[in-house]
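Comments concern the structure below.
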Number of protein chains: 2
Amino acid sequence: MFFLSKNLNVYILGVLKMEYKPNIQDVAKLANVSIATVSRVINNQGGVRKETEERILKAINELGYIRNAAARTMKRKETNTIGVIVPDIKNPFFPLVMAGIEQKAREKQYFTILSSTNESPIVEKEIVKNFIERGVDGVIITTANENGDHLKLLQEQGIPIVAVDRSIKSFEVDTVLVDNVKGAYQAVQHLILQGHEKIAIICGPQTTTPGRDRFLGYKKALENYNIPLDERYVIQGDFGEQSGYLATQKLFALDDKPTAIFSSNNLMTIGCVKALEELNWKLGSEVSFIGFDDVDIATFLNPKLSVVSRPMYALGEIAFQLLHERICFKENLPKRKYLLSPELKIRQSCRLVKTLF
Amino acid sequence: MFFLSKNLNVYILGVLKMEYKPNIQDVAKLANVSIATVSRVINNQGGVRKETEERILKAINELGYIRNAAARTMKRKETNTIGVIVPDIKNPFFPLVMAGIEQKAREKQYFTILSSTNESPIVEKEIVKNFIERGVDGVIITTANENGDHLKLLQEQGIPIVAVDRSIKSFEVDTVLVDNVKGAYQAVQHLILQGHEKIAIICGPQTTTPGRDRFLGYKKALENYNIPLDERYVIQGDFGEQSGYLATQKLFALDDKPTAIFSSNNLMTIGCVKALEELNWKLGSEVSFIGFDDVDIATFLNPKLSVVSRPMYALGEIAFQLLHERICFKENLPKRKYLLSPELKIRQSCRLVKTLF
DNA sequence: AAATTTTATGTAAACGTTTAGATTTTTGTT
DNA sequence: AACAAAAATCTAAACGTTTACATAAAATTT
């Protein structure tokens, strides 16, 4: 006769080489202590005699015990996990932000769940709900819908939020943005100072902060230098490569072509440059160019692209910093808005306009 | 006198606007049923009268109840989450693979945790342990250490693994790779057929499958066409941009310069091209080039870069597919090895070698 | 209308931790 | 050696689900 008692599980399975997940009980039994003491050792809470600790550690090793996060979370009500929501993981901007977040998170022993919404507010809502179910301690988000009503759920649950790159309208959150207005202003100003007056902009969606603000910076620069805004030179894009491509074609088709183009983001810049090449619209000489976001291709083109460059890594680092403080201090902290300055990188794609002199 | 009984929590907090997380109990009480029935509704298990269900749904809405994944996991022993481990999120290869994984995962209602190891096996081990603690249902990994001993933990716990892009030595796992040997072979063959004989390779780390296999393909092609391998033309790199840059400088310093270069990955290609430009070593005319991985800059250079292109998205999709099957059927499935064919994209960076005729 | 089957709901025991508070052991003091 | 104080350890009760199994209610058959 052969009884398989629970206590024997470990040994029997050990022999049979099947998988069995040992728990804190098994460890306690093997080390001849109570589970409370094991728990203390696992969590480094001290107050355990050295030799007892060693015995426990040995048992843990012997059994290959790994603690169960779900059970722990249940008691502790914290997961040491943060959720990150981005609209498009394929946009090279986000992996860099992510790298900054992860780096800082790891330092503080936090883990990171990443999900991408494909710019869909519906997907975003699902993700948010799932993050709540899982009990993330906080969320860093570049939202697909700045209105932000769908994020109120998080707020109701008391889960801290940090908005990155796009702000959130319907309630106050810690935010870390790039000064889009300033960046765009500087870029367009640069073109103006080179003598350009027919300056086109390929806009991002006007439903997003970056899209709007970059357009704003463009308008401000024109205004400041008394150049009237010409509607024909304002083309709407959607931050995707294709839209940059099409926008450029439209501009080229104009009778009175612009002498300079400002593109509002990285992917549209790529589309734009592709179009320029195909149209044989000579970059630098026939048309000057400056883009928001430093892109890989920028320094490989001839002439090299002048760009407004954003501090992606820093953006991520700061975002985590803010989130972590918020997790620790909850509401006893005013809401903070960071505005990082972008950097104008002047290369060779903006030439002096040929004048009549 | 004022007693704050647990049952009152919801109502009182409702008035005071503090956060309180309602649980299944609260829902049950409000809907006047037992928690078992609520559970049944939450999980769509059927066997609940319609009007009861409606009452429960209403209660759920009213309270803003969201179920607790930790508690659920504890009973169910599954998380519907998979972990993805990549060596370097900043390498544009991985976000694309990730996009493929995520897409398929979402379809099957799985969520994805992403972590990046920075090519550190130590970090990787930590991540693995953390994933186990959290009870991921499976892991997709491009490991920083192909030896794979540190992954045995996963195996011991019965957690399915799929290796992507780099295989794992110490035990059998489902694997989805790109045919690196073939890709490299085709690339080098292309150079040879253009008349090149002095063909250099910028190698990846020989500790990784892709590094080794691409070197192998290179050697095989030379051998097949009876071109002796010249050690001076074999430069070791580490898959990073800087190493591509340095390698190119070394090649240029040679008395007997190669007439063609094969670069083993995307980032080294970028470094290489940068160096070529600085050294004024004319791409196409003075030195032909072909690289593993299609890079953004490829089509913007003049001449455009010929490359071996990998199906990143498909890689991710298949990886999830394999993992999902494994999660469902565990060991009742043979281990599978996928080998996707890369595609040779011939553009303009490989010119016919000038002959004496 | 009673008996039987089917359907709906409820009860209670896990799951694997953490953590007050109780208890035991050790150490130090007299 | 007896006692008090300090340190180490233990007991037991959560945490919020899921799920066998028990029970009650409704539908069906006789």
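Every chain is numbered from 1 and lettered A, B, ... according to where its sequence line falls, protein lines coming before strand lines.
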Inset, instruction - Could you check how far NZ of A:Lys29 sits from C1' of C:dG16, rounded to whole Å? - result: 13 Å
Inset, instruction - Would you please confirm or rule out a distance under 4.0 Å between OP1 or OP2 of D:dT18 and any side-chain N or O of B:Asn43? - result: yes
Inset, instruction - Using a 4.0 Å heavy-atom cut-off across all strands, classify A:Gln45 as base, sugar-phosphate, or nothing. - result: sugar-phosphate
Legend entry - Between C:dC15 (P) and A:Arg67 (CZ): distance, integer Å: 20 Å
Legend entry - N/O (side chain, A:Ser39) to phosphate O (OP1/OP2, C:dT17) under 4.0 Å: no
Inset, instruction - Would you mind telling me which of A:Lys335, A:Lys337, A:Arg326 makes a salt bridge (charged side-chain N to carboxylate O under 4.0 Å, His left out) with A:Asp174? - result: A:Arg326
Inset, instruction - For A:Ile42, answer base if it contacts any base atom (sugar-phosphate contacts may also be present), sugar-phosphate if it contacts only those atoms, and nothing otherwise; contact means non-hydrogen atoms under 4.0 Å. - result: nothing
Inset, instruction - Name the residue closer to the 5' end of DNA chain D, choosing between A:Ala36 and A:Gly46 according to the nucleotide with the nearest heavy atom. - result: A:Gly46
Legend entry - Side-chain donor-acceptor contact under 3.5 Å, B:Glu317 with B:Gln321: no
Inset, instruction - Have a look at A:Thr73 and say if it touches a base, only the backbone sugar-phosphate, or nothing, with a 4.0 Å heavy-atom cut-off. - result: nothing
Inset, instruction - Starting from the 5' end of DNA chain C, give me the residue, B:Val33 or A:Val38, whose nearest nucleotide shows up first. - result: B:Val33
Inset, instruction - Name the closest nucleotide to the A:Lys75 side chain, picking from C:dT19, C:dG10, C:dT18. - result: C:dT18
Inset, instruction - Report yes if a side-chain nitrogen or oxygen of A:Asn23 is closer than 4.0 Å to either non-bridging phosphate oxygen (OP1 or OP2) of C:dG16; otherwise report no. - result: yes
Legend entry - C:dT9 phosphate, OP1 or OP2, under 4.0 Å from B:Thr37 side-chain N/O: no
Inset, instruction - Could you tell me whether B:Tyr338 atom OH has more than 12 heavy atoms of other residues or ligands within 6.0 Å of it? - result: no
Legend entry - Phosphate-side-chain proximity, B:Arg49 and C:dA8, N/O vs OP1/OP2 below 4.0 Å: no
Legend entry - Interatomic distance, A:Arg76 CZ vs D:dA14 C1' [rounded to whole Å]: 15 Å
Legend entry - A:Asn43 and A:Arg72: side chain donor to acceptor below 3.5 Å: yes
Legend entry - Atom-to-atom span, CZ of B:Arg40 to P of C:dT11 - whole angstrom: 12 Å
Legend entry - Interatomic distance, A:Lys77 NZ vs C:dT17 C1' [rounded to whole Å]: 11 Å
Legend entry - Length of the line joining B:Ile35:CD1 and C:dA13:C1', which is rounded to integer Å: 11 Å
Legend entry - Length of the CG-P vector between A:Asn32 and D:dT9, whole Å: 12 Å
Legend entry - Within 6.0 Å of CG in B:Leu333, more than 12 heavy atoms from elsewhere: yes
Legend entry - Below 4.0 Å: OP1/OP2 of C:dT17 and any side-chain N or O of A:Gln25: no
Legend entry - Spacing between A:Lys50 atom NZ and D:dA7 atom C1', to the nearest angstrom: 15 Å
Inset, instruction - Give the nucleotide from the list D:dT17, D:dT9, C:dA8 with an atom nearest to the side chain of B:Thr52. - result: C:dA8
Inset, instruction - Decide yes or no for B:Phe320 and B:Ile82: does some side-chain heavy atom of the first lie under 4.5 Å from some side-chain heavy atom of the second? - result: yes
